[in-house]
Amino acid sequence: MTLLSSDVKNESDMINVQNTKHNLRVARWTFVLLMTWAIGQQTIHAQTYQEAPELAKRVQSGELPPVNQRLPDEPLVLEPYEEIGQYGGTWNRMMKGTSDFHAFGRCVYEQMLRWAPDPKDGILPGLVKEWAFTEDGKVLTLTLRKGLKWSDGHPFSTDDILFWWEKIAQDPNLTPGIPREWSPGGTPMELIKIDAITVQLRFAKPYPMALQYLAFKGNQWPLVFERAGFFAPKHYLEKYLPKGDAEDLENLNMASYGTFEEKANDFNTERPVISAWRISEWEPGDHLTAERNPYYWKVDTAGNQLPYLDKVEVEIFLNQEMLNFRAVSGILQMQLRHFSVQDVDLLREFAKKRDYRVIEYEGTSRDAVMLNLQYLSDSTLREIFQDSRFRIALSVAINREMICKLCFRGLIKPAEIGLFESSPDFVDVPNLTNNWTYDVDRANRLLDEMGLKNRDSEGYRTKPSGEPLSLILESSSTVRSSMDMLEIVRANWESIGIRTTLKPEERTLYFQRVTKNGEHMIGHWGYECVFPTVSSNRWFGTSLWDEWGHHWAQWYLSNGAKGIEPPPEVKRLQQIEEILQVTVDKDKRAELWAEVIQEHAENLWIIPLTERGIGIGVLANNFRNVPEKAVSSWIIMTPGNLNPETFFIKK
Amino acid sequence: MAEAIQSPESTDNIDDSERIYTAGQWHLAWRKFKQNKLALISGGILGIMYLCTLLSGFIAPYEADHRFGGRDFVSPQSIRFFSDEGFHFRPFVYGLTIAFDPLSGRKIYQEDHNRRYPIYLFETGDTHSFLGFNTQLHLFGIRGQNTEGIFIFGTDRQGRDLFSRVFYGARVSLTIGLIGVFISIILGSVLGVVSGYFGGWIDELLQRLIEILRAFPQIPLWMALSAAIPADIDQLKTYFLITLILSFLGWTSLARQIRGRMLSLRNEEFVISALLMGASHTRIIFRHLIPAVLGHIIVIGTIAVPQMILAESALSFLNLGIRPPMTSWGVLLQDGRSLTTLYYYQWLLIPASFIVVAVLCFNFLGDGLRDAVDPYSK
Amino acid sequence: MLTYIIRRLIRMIPTLIAISVMVFVIIQLPPGDFFDSLQAQLAESDSQADQEVFEALRRQYNLDKPLWQQYVYWITGCLQGDFGYSFEWRRPVSELIAERLGLTFLMASGALIFMWFIALPIGIYSARNRYSFGDYFWTFMAFIGLCVPGFIIALVAMYMSVFWFGGSAGGLFSPEFKYATWSLAKVWDLLMHLWVPVVVIGAAGTAGLMRIMRTSMLDVLDEQYITTARAKGLAERWVIYKYAVRVAINPMISILGLQLPQLVSGSIIVAIVLGLPTTGPLFFRALETQDMYLAGTFLMLLAILLLLGNLVADVLLAWADPRIRLE
């Protein structure tokens, strides 16, 4: 505990609960908080814990040890959002096809650290009870809860972490590349076991971001969830580990890797887990059933072992209408995934009759179109693109109000330029140049100013040379509403005399065009506006995914060996990202972000469309402890960060 | 038997009942066809429909992609003659005001009786291309502001007039069947004639090929082939690929039937005599055999068209066929797949009735033609 | 008869080989493979995975091999009853299809029985009362049945069952029975759900069948032996059912063998619209995600069914009509 308070300066970046200006105050505050928590902990310790009736029966029959022995010494205490719950019941959910592993995966979000229900509150303890950075920010010490157990009762220890790191993450046959987040600056971290509950992470450079990644389940292995780590059940998996020299591929039996793969898979019903529910039935193509984990390590404030719900039942669907149908029948108690804006009326229509309500969680990304500013195939066009007046003209020609009304039933707001208010990094930048309000006259004026006055026989503007000027807007979206939106964008651009073609593309082809070759003309995608440091694509011109700056990013990533050298203002952006990566101080960060946003507003590298990604869901009225409003994002694993283990069905 | 007989010059003197014995094949067919009123009417309706596809830009009051902001999901408007003030000689529609449904929060439209929009014929409106040149003339329209329009079939989720879109969609839906059948007929009759006329190993080879193709279940095969069309090719190519896919299996049954006819015709006297007189194969095939089976080919083709129309609509409905922004009746029906549409916006299923009518007419027409080409049947 | 069947079966082998090659080619036609589409799906939810990961998976499933080699792997597997692996469902294809085949056939047979049950009496009635109001009415209905796209009927059925009858469109079971073990109540629940797709799928087929029966019956009624029978003073009932129907039914029997496979493939679109747990939606999904072995096997299976159906039809016909001899 002292460890934590002394090093609080390093860990308090955006993760901290309070936005206080003085680190000292934070430190003191945190200390007090932790002390009270620890005292509370002891009082709970003194009392006996309660457990689900079903488990109590199994204890009586001698099948399970008593609850006090199953819980860790210091269980994580969760304060339910609304009230102390009742045991029992099944949570019915749906998943779309079998590869939709998020559907269940997000209910069992158990990482070393966890995002708070409100991401502004930063990162909270999880399996890790305490953490501390050294002064230089290069060494992070993690202390686990004592007495944690896997769902089969076997102790959970730092060995499980080392097993993941050494045997899974670093075996190229299992994990093709060492996870990027654990090799900052290209050097893999060093993971050192101190004792059964303490590990040290050593990085080549200061790496405050590590905390976010410890709470992040992001860059997943495509088909499984927990595999991506930070841990794996060593006692179970060790015996399936392929024997032989991992380097000597030729002689290794690939089949044994297949077996390991299967055993390590999240959907292997035998594999012990650390989460609230353990998958007990998995019928791909039909359903998934998960039952409570008797060794789960969290309790509520009244000392009841969590979770409240007995089971999670996930039905697999292929047809969207199946989901809608189940929802309007009132069967799904809480489901956020896969609902479409188009169906919100229907959901609302039946809400009263079937005793549920429709909830709208805030999304975290913004839809945008981006001109390829280094468009190589046409130098005149490239010059036109690089003139910010052209981008601004295109932007103010877009009727965002109409898009929101027509495509999103008015549930989504027209886009602006900054971070969303729900972002831990949110900063209010006053006096931004508004380059996104609908103004056709201004658009025409700007284009005329640029010298794009000449028009062809059909009334479309031509290049100054008189050659035809024709834009191609490429998109790989298959979502109805997005396609409708782009249609409107196209019509808007045509109305200011810019001939535009909409080109739907196979997503793989789109990726290739953008990320590999940067040969697209205008791309369409969303970009993260709440957790831009976890997923920084498109903000800084440092990723090959940046539709507007692929070649500049390539120049940056290859240290000038490849790509095209960016102009100074983009170089500055790239530099800012580097600074942000290692900056913890709140004020300093705000200052940097203000600069970034200012630059984006001026230059409009990204033409924003809508604040997208509203999460529409249904919530049964008797399903409690679920907040009405929240931020929904894959980064924080919503609803995982809302503590699903405290959800319950009120009788 | 089916070979045309030159009518002697004395035809005029023969009374009507006897003319049948001297009339040519086509004449007989027409006589027979005329008696089938259902087929005649169907033919007429189809004729009108195809004329409409030619004039779709003119009949449709708006362009297919004309969006009315804030006018999404307007239910079909009624065209009125009576207002609160009494009868009006010129029909009109009322303006709309927006209200919100208290339960679902859904936008609903109410007629505003204070705003009347008379309907005028030959109004100017959106530019469309008609037979190659651009015009702004439309069959009818109203003189309203931006958001006011005449929506006979209502609007879709993007505020586009469904009536206009049905006419634009007809272009694709009605032609895809015709072109598809045309391709099938060409393939089927060439291969069928060749196979039936020459026999031998050519026949054997073609029969095996047909056998293999016919072993494929039609719908799943169409689905698989359509799914293989890349998303990023241009609309016209998609259209032709879909057409090709639809005729991929279509020609086999045609080829089979023609082959059967050929086998029996091959030994007919007029063929043998032509052969003996030294006619070339080409001449025999094109001069004698094809005309002899032409009637059948037409009948089979007519009957195949509705199947293709149905198939196109089903594929497009599943998002495997024609893709927006091109429209077809199947594309228009895509919206109908959702419970939301079924519950609130049933008028979006109106295009289905056009499919039904077109298919029905083709079937009746095909029936009539079948009876007609076999003039001696009862 | 037996030698005939065997001969036909042997003749099928080269056809099957040709079909399997074609199926494989068709399935490979779309650009990219399953892992491309998976990557795209992941990107939709903003998650990314490394290119190397996918390369490794491709290696694991032999997708990096040349096409002909992949075909050989697949076809040799097929011969041993291993139809490949479904990437998406992460299960052997055979298991997946087998699981849903039962309900698929149940539905198709249900539709078949429904069709015959409706079409036969009406066909007979129409033929006996030619040009009566009833005849015109049913003929017209038959045409309508032929002309309304199946998916439209399915949509209407879905609307009615969801909003009028309180819902049976979502699959074939009520939620409370979905995971229950089989019991009388579950069977009843299934039947209560099954009739909707059965009627929808049967609608189009009924129309065609009805018309065939009518035509065939009309032909038979004109035959001399019918006139003779009547002249002999046999009861009309006897004439119709003992003489006319028995003969008139032959062309119907000849298509019986083909009807089941046709219903299985015809029900795909209906099943997709109604969201049924049958093979159709699985196939559709497999096409969307380029889950090639699943889609390929399903196509292959239907082709085999169709071939067998042809054989069954011929055999049935020979059995029903002694005048027909097999080669």
Side-chain angles (χ1 to χ4, degrees), chain A residues 319-329 340-353 358 399 401-411 457-459 472 474-478 480-481 483-488 490-492 494 501-510 513, chain B residues 62-74 98 100-108 126-127 129 133-134 146-147 155-160 227-235 237-238 318-320 322-327 331 334-345 348:
Chain A
N319 178 347
Q320 175 73 21
E321 299 317 313
M322 276 280 279
L323 174 74
N324 288 334
F325 174 63
R326 290 272 190 265
V328 299
S329 314
S340 136
V341 183
Q342 319 278 347
D343 294 319
V344 71
D345 295 336
L346 190 75
L347 296 178
R348 284 201 197 117
E349 178 100 25
F350 284 84
K352 205 164 180 184
K353 204 156 137 200
V358 177
N399 189 347
E401 293 281 344
M402 181 160 165
I403 289 175
C404 293
K405 249 193 232 159
L406 281 189
C407 309
F408 301 101
R409 321 287 296 131
L411 290 169
S457 57
E458 288 176 56
I472 300 170
E474 304 174 35
S475 170
S476 63
S477 178
T478 52
R480 248 288 142 77
S481 40
M483 284 162 24
D484 291 352
M485 171 171 69
L486 294 179
E487 271 294 315
I488 294 177
R490 187 188 63 85
N492 285 161
E494 299 235 311
T501 319
L502 205 56
K503 192 164 161 234
E505 248 161 39
E506 211 77 71
R507 259 169 297 186
T508 41
L509 182 71
Y510 181 82
R513 288 174 66 79
Chain B
Y62 306 105
E63 264 279 86
D65 277 333
H66 186 126
R67 288 176 184 75
F68 287 87
R71 283 287 180 274
D72 47 326
F73 293 126
V74 175
I98 294 170
F100 290 93
D101 178 48
L103 196 60
S104 65
R106 182 174 63 98
K107 192 154 66 170
I108 41 182
D126 298 342
T127 313
S129 111
F133 50 90
N134 291 335
N146 272 339
T147 54
T155 62
D156 68 1
R157 65 184 196 290
Q158 288 196 59
R160 294 177 296 196
I229 300 178
D232 49 336
I233 61 172
D234 74 76
Q235 301 175 24
K237 268 193 206 144
T238 315
L318 292 178
N319 217 349
L320 289 173
I322 301 294
R323 300 179 181 125
M326 199 178 224
T327 58
V331 171
Q334 276 178 7
D335 286 338
R337 237 173 113 182
S338 73
L339 285 180
T340 299
T341 306
L342 287 179
Y343 193 72
Y344 295 119
Y345 317 120
L348 292 181

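Given the structure is predicted, the values throughout are model-derived calculations rather than measurements. So you know, we letter chains A, B, ... as the sequences are listed, proteins then strands, and number each from 1.
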Heavy atoms of other groups near B:Glu63 CD, more than 12 under 6.0 Å: yes
Side chain to side chain donor-acceptor pair (under 3.5 Å) partners of A:Glu494, counting only residues at least two apart: A:Tyr460
Straight-line distance of A:Leu346 CG to B:Thr341 OG1, nearest 0.5 Å: 9.5 Å
Option in A:Glu474, A:Glu321, A:Lys405 with maximal non-hydrogen atom pairs under 4.5 Å from chain B: A:Glu321
Beyond-backbone contact of A:Asp345 with B:Phe73, side-chain heavy atoms, under 4.5 angstrom: no
Proximal component of B:Asn134, with respect to chain A [non-hydrogen, under 4.5 Å]: neither
For B:Lys107, all residues meeting side-chain contact (heavy atoms from CB on, under 4.5 Å), sequence neighbours excluded: B:Asp72, B:Ile98, B:Phe100, B:Tyr109
Pairwise distance CZ(B:Arg157) to SG(A:Cys407) - rounded to 0.5 angstrom: 8.0 Å
From B:Arg67 atom CZ to A:Asn492 atom CG, the distance as rounded to the nearest 0.5 Å: 9.0 Å
B:Thr340 side, atom OG1; A:Gln342 side, atom CD - distance, nearest 0.5 Å: 8.0 Å
Backbone N/O of A:Glu349 and side chain of B:Tyr343: donor-acceptor pair under 3.5 Å: no
Euclidean distance, A:Met402 CE relative to B:Gln158 CD, rounded to 0.5 Å: 8.5 Å
Most chain B-contacting option - heavy-atom pairs closer than 4.5 Å, from A:Val358, A:Leu502, A:Ile488: A:Ile488
Side chain / backbone / both / neither for A:Glu487 at chain B, heavy atoms under 4.5 Å: both
